[in-house]
Amino acid sequence: CAAWRTGDSVSGMPAPTGATQSRLRALHERHLAALRAALSGFDDAEIASLLQIPVESVRPTLRVAAAKLAAVLAADRHDER
């Protein structure tokens with residue numbers, strides 16, 4: 001999301017911390033694109049076309065992307081303590 005990269009807030013939510021923004025930039029662009037597309041309502045065939053991968057690879061790609069995102073967010077919560 002462009003807001004994550006620029007530090008703007010989205011829908012009244014606070015912008016991610018600098019540490020989170022840095023970690024998000026470290027995620028593979030393909031994973032970020034897959035998550036953005038899925039959250040935007042793209043179906044598996046559309047995501048496959050966007051990422052230029054087989055349709056059967058979309059769900060595993062989204063699972064990996066979600067796990068990596070969860071790790072980023074968990075690390076950020078840990079840093080806030």
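Contact detail for L50 and A33: the closest heavy-atom pair is CD2-O, 4.3 Å. Taking all atoms of both residues into account, the shortest heavy-atom contact from E46 to G41 is OE1-O, 4.4 Å. The two residues T61 and A34 make their nearest non-hydrogen contact at CG2-CB, 4.2 Å. Closest heavy-atom contact between L35 and A66: CD2-N, 4.1 Å. Contact record, V55 with A45: CG2-CA, 4.1 Å, taken as the closest heavy-atom pair.
Atom OG in S49 sits 12.5 Å away from atom CG in D44 (nearest 0.5 Å). Note that the CZ atom of R25 and the CG atom of L27 stand 11.0 Å from one another [nearest 0.5 Å]. Taken to the nearest 0.5 Å, the CD1 atom of I47 stands 12.0 Å off from the OG atom of S57.
Within 6.0 Å of CD in E56 there are more than 12 heavy atoms belonging to other residues, nucleotides or ligands.
Evaluation of the ring pair (Phe, Tyr, Trp, His ring centres under 6.0 Å) test over residues 34-70, restricted to residues two or more places apart or in two chains, returns none.
A single hydrophobic cluster is not seen to contain both V64 and L51; linkage of ILVMFWY side chains at heavy-atom distances under 4.5 Å, directly or through other members, places them apart.
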